[in-house]
Structure formats: structure tokens, C-alpha cells
Amino acid sequence: MRTSEEFLSALSDDREVYYRGKKVEDVVKHQVLSVAARHASRLFEIQNRIVTEPELGEISRYYATPRSSTDLVLRHRLIYDTTMYCNGVFNISQAIGSDALFAMRLISGETDRKHDTKYSERVRNYHEMVAKKDLTLAVAQTDVKGDRKKRPYEQSDLDLYVHVNSVEKDGIVVSGAKAHTTQTAVSDELIVIPTRAMVDKDSDFAVAFSVPASTTGLKMIVRPIDEFEGNSSALVSPHDYELETLTIFDRVFVPWERVFLCKEFEFAGLLAVTFATFHRFTAVSYRAATSNLYLGSALSMARQNGIADSPHVKDRVGDIVMYKELMRMSAIAAASSPQIKDDIAVPNPLYTNIGKLYSNNNFSDVLDALVDISGGIISTLPSMEDLKNPVLKKDIGKYMSAAGDGEERIKSIRLAKELAASSHTGYMLTLMLHAEGSIEASKMALLKDADLSDSEKLVKRILESDKVK
Ligand SMILES: Cc1cc2nc3c(=O)[nH]c(=O)nc-3n(C[C@H](O)[C@H](O)[C@H](O)COP(=O)(O)OP(=O)(O)OC[C@H]3O[C@@H](n4cnc5c(N)ncnc54)[C@H](O)[C@@H]3O)c2cc1C
């Protein structure tokens, strides 16, 4: 299996990456982007990541197809443990890609049965190649989308959704752009899948494929990493963060063996939703672990401020505990009652979406609790530069002491500031609301899968028993 060093050295290729207006020569040597690369590389240090599969031999457990409840519980635990290992920051590197692979394995079978295509074989071969080489994958699903009320074919500029430009003898040529693609610039490969259901006129946009990150015509523009560059007192971001890119396909050639859907529009929505179910299961799993950052920070600030026993503090800590455990409960509930399709265990979509929606709707309360317990100092703490000045350090240490020593309290304040009063806060609030799909997308999925029959039967019985005599 690969080591962190082997993974990092493979990233030094001719991928086209831009950061703050400049072309990046080597992501691994770049002062800022190398942190995201090293964060990704920590995946290869995870204990118990390796499993032996009957046909593939030793592979990463991320790429082991779940066949049962037990497999899904183990997958939840793997994602949770990896996030904990990376200081509470999700490590997407083999998680999102395997979510897409499992969805493609299911939907390619259905597409083949209807269209007599060869997608299942291609997806299986690609899955095996990725697993055997222990590669990392980014997934670009979200198109830039243009006017949200219009379908892909109705947009003023067709490039607002990734689409097939032309079909050639050896493959296809694609153009367009995807938004917010996590860790693309520091991944080995990129999988592209549709973002929504499509109609026949959208068929050019119904496309799924994979490309190496260094493919000609693939351009990645990385978001500014403000949480790393703009906060000199940050404790987590200097070691672990994930980048996102605006991912542009400028007439990219994709050979047939890497094409997994090409114009079969009626399967675009099914692929999008099946991926979303796997990926939201991943989301509630890592969010349970990420919650420990906020919970631990709130407990630490409560102790430092001398208020750990106050009833209102216990109340607010309880809110964060509930958030964390609801993430974990929905993952375990979804794993316990999966839908088994073509010998693949799909996490229960209802329980997965309920957890994801709870996370969307309640993360601001987690932040609110941390700000409340911490006090205004998380916005007004003197700078790291002041803290490093020997004269000022003494003064600041003296005046920052509370229930405990000033220096210790300053460390707690720095973490609480990073989590609840910095650019990291804005990034995480957006992530908790939008990543793994918008609130509306989850609500639609939830209502589709909700079992209303018991409720209907119960009320019908009551209404019918009240017969007018
Ligand atoms: C940190 C982060 C990481 C991410 N990582 C990835 C990734 O790795 N890969 C990937 O593919 N995606 C990724 N995403 C994208 C994520 O899935 C999307 O942000 C999410 O699906 C919402 O899409 P959007 O951002 O285009 O928002 P929009 O769709 O523009 O949503 C904005 C608002 O418009 C509303 N809206 C949208 N369409 C309609 C309509 N037709 N009618 C009425 N209202 C509408 C929405 O409900 C919402 O209220 C990531 C996002 C974030 C924030």
C-alpha cells in the first residue's frame, strides 16, 4: 500500500492549478497549498485502513464495497476515526471518491440493462485500478449552474453545466465548469458526475467520467485559504484544512474506458441522488467527529472562565452534545437499515437525510453556544505578534488569567476564536449548510423516502371509528 511520501511525490506533476492569480508550479512545494496536500497524505497513516478483499487482495477499506449493515457501521467508524486523526477536519481523499464509485456501480448496471451499454465493466475496472493503486479521488458533481430556474439546455451559455462537446472514435470531448470541488488540486484523480435530474433535451449534459488531475485542459482555481493566511493565531488550519476549486474543463478529452454515462439522460438524476445518499452518510459520519472540536473547545473555555458548573453553560454544552450524537445516531440508524441493491448496501436514505438536515439547521446553535461560553475575548484577543513580543506577552498573560493560568487560557481562546469568530467560522458555516447538497435537496429526498402509511392508517382508523350515528 502507498505511503504518505509516495502519495505526495505523485502530486508533483504538470496539473494546472492557480492560487491568488498565479500559476502554482508544484502544489507540494507551495507555502499554502502544501498544507492541504499534507492533510490529504495523512490518510495513508491511518491505522487499520487496510482490508483484504477476495478479488482485489489488500486495499484501502474506503474502497471496500459495503455489502451489509456491519460493513456500513465499519465505514462510519473509519470516517469518524480518520476525521479524529486529522484534528477534527474531514479527510475527503478516498471517502467522496468511493461514495461516487458505489453509486456508479449501481447505476451503471441499470443503464446497461436498458441501453445495452458497457458502463458496468468500465466502472468495475476503474474501481479495481483505483483500489489497487491506492489512489485518492476528488468528485466534481456541482455544476456552476447559471440561472437556477433554468434547465441545463436552457442556459444562455452551455458551459454553465459540464457537457459533451463531441463524440469521437476513441472517446468524448467535454467542456464546462464545476464549482466548489474539494481537494481536486491535491488529488490523483477526479470523478465527474451529473448534479441533477435531466430531460431528453439535456442529454449532452448527462455525462459521468474520470480523469487524472494532470489532464490537459483541466484548470483548477483554488479558493483563498483565509483561515490559514489571515489568522496568525490559528491552531488547526496550519495543519489541516481542505481546499476547493472552480474546476474548468476546456475541451478535455476522455477515453471511452473512463466514460461512465454519456447522454443516457434518464439516469442522470438517479446517479446524482444515489451518490448524494452515500455522500450524506459520509457527511454525518465526519460531522460527528468534527463536533468534538466545538464540544472540546466549549468545555475548555468553560473551565478557563471558571463557569463550568453554571446551569446555563451545562445547558449550552448539552446542545453541542446533542448535535454530535444526532450525527452519530443517524449514521448508525442508516447503517442498521440499509437498502440492499445488486449486493451493495446503500445507507438508509431517510435516516441519512434526517441527520444531514439536523446538521444544516442546528450548526449555527453550536457556534452560538461556543461564542456564549467563550465571551467577547474570542474577537478581541491581542494578536499573535503581540503575544510573541516578550514585554507585551507578560502583560497579556497577566490580564488573560482567569480560573487558570493566562498562558493556558490564551491557547483555549485561540482555538475558540478560530472555530467561532474567524474566517474559518464562515467557511464551516457555509460547509455545514451547503456541502453534500443544499437543504432543499435533502428535504426533497426525505419526503420521497418517508413512510407515511402507518400515519395514514392510524388517522383513517380514528376518523372511521367516529361514525355519525
Ligand atoms: C465547503 C464546500 C465543499 C464542497 N465540496 C464539493 C465537492 O467536493 N464536490 C461537489 O460536487 N460539490 C461540492 N460542494 C457543493 C455543494 O454540494 C453545493 O454547495 C450545494 O449542493 C449547493 O449548491 P450551490 O452552492 O450551487 O448553491 P445554489 O444551488 O445556488 O443554492 C443557493 C440557493 O438557491 C436555491 N435554489 C437552487 N436552485 C433552485 C431552484 N431551481 N429553484 C429555487 N431555488 C433554488 C437553493 O435551495 C439555495 O437556497 C461543496 C460545497 C461547499 C460549501
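Basis for what follows: all heavy atoms, side chains included, without hydrogens, waters or symmetry-related copies. Because the structure is predicted, anything quoted here is derived from the model rather than measured. Numbering of ligands and ligand atoms starts at 1, following listing order. Numbers here are sequence positions counted from 1.
Atoms of ligand 1 found under 4.0 Å from any heavy atom of Tyr427 (numbered from 1 in listed order, with element): 1 (C). Each of the following atoms of ligand 1 lies closer than 4.0 Å to a heavy atom of Glu440: 47 (O). Listed by number with element, the atoms of ligand 1 under 4.0 angstrom from any heavy atom of Ala140 are 11 (O). Close approach of ligand 1 to Ser438 (heavy-atom distance below 4.0 Å) involves ligand atoms 20 (C), 21 (O). Under a 4.0 Å criterion applied to the non-hydrogen atoms of Gln141, ligand 1 contributes the atoms 10 (C), 11 (O).
The protein heavy-atom contact nearest to atom 38 (N) of ligand 1 is Arg148 CG, 3.3 Å. With hydrogens left out, the protein atom closest to atom 7 (C) of ligand 1 is His180 O, 3.3 Å, a heavy atom. In terms of protein heavy atoms, atom 21 (O) of ligand 1 is closest to Gly437 CA, 3.5 Å. Ranking the protein heavy atoms by distance from atom 8 (O) of ligand 1 puts Thr182 N, 3.0 Å first. The protein heavy-atom contact nearest to atom 24 (P) of ligand 1 is Lys145 NZ, 3.6 Å. For atom 18 (C) of ligand 1, the closest heavy atom belonging to the protein is His434 O, 3.7 Å. Among protein heavy atoms, the minimum distance from atom 10 (C) of ligand 1 is reached at Thr142 OG1, 3.3 Å. Scanning all protein heavy atoms for the shortest distance to atom 2 (C) of ligand 1 gives Ala435 CB, 3.9 Å.
By the criterion of a heavy-atom distance under 4.0 Å, neither the backbone nor the side chain of Gln183 is placed next to ligand 1. Heavy atoms of Ile96 found under 4.0 angstrom from ligand 1 belong exclusively to the side chain.
Between Ile172 and the choices Val254, Asn165, Val252, the side-chain contact (heavy atoms from CB on, under 4.5 Å) rule is met once, by Val254.
Using modelled atom types and a 3.5 Å distance limit, the side chains of Arg75 and Ser98 yield a donor-acceptor pair. Side-chain contact check for Gln183 and Ser93: no donor-acceptor pair (N or O, by modelled atom type) lies under 3.5 Å. Between the side chains of His115 and Glu266, a donor-acceptor pair is found at a separation under 3.5 Å. Between the side chains of Arg258 and Ser210, at least one donor N or O lies within less than 3.5 Å of an accepting N or O. Using modelled atom types and a 3.5 Å distance limit, the side chains of Tyr119 and Glu264 yield a donor-acceptor pair.
Between Glu121 and Arg124 no salt bridge is recorded (no basic side-chain N to carboxylate O distance below 4.0 Å). We find that Lys263 and Asp204 are joined by a salt bridge, their nearest charged nitrogen and carboxylate oxygen being less than 4.0 Å apart. Between Asp240 and Arg42 there is a salt bridge, since at least one side-chain N of the basic residue sits less than 4.0 Å from a carboxylate O of the acidic one.
Protein heavy atoms are found less than 4.0 angstrom from atom 47 (O) of ligand 1. Remark: atom 13 (C) of ligand 1 lies closer than 4.0 Å to at least one protein heavy atom.
At least one N or O atom of Val139, backbone or side chain, sits closer than 3.5 Å to an N or O atom of ligand 1. Close N/O approach between Thr430 and ligand 1 is not found [any backbone or side-chain N/O within under 3.5 Å].
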Task: Criterion ring pair (Phe, Tyr, Trp, His ring centres under 6.0 Å) on Tyr294 and Tyr323, from CA distance to verdict - done: CA-CA 10 Å; Tyr294 298 84; Tyr323 182 91; 8.2 Å; no
Open item on the list: Assess the residue pair Asp134 and Arg49 against the criterion (salt bridge (Lys or Arg N to Asp or Glu O under 4.0 Å)); give the C-alpha distance rounded to whole Å, side-chain angles, the decisive distance to 0.1 Å, and a yes or no.
Closed with: CA-CA 11 Å; Asp134 203 11; Arg49 188 180 63 94; 2.8 Å; yes
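Relative orientation of the Phe205 and His163 rings is tilted, given thresholds of 30° and 60° on the angle between their planes.
At least one heavy atom of Lys149 sits less than 4.0 Å from an atom of ligand 1.
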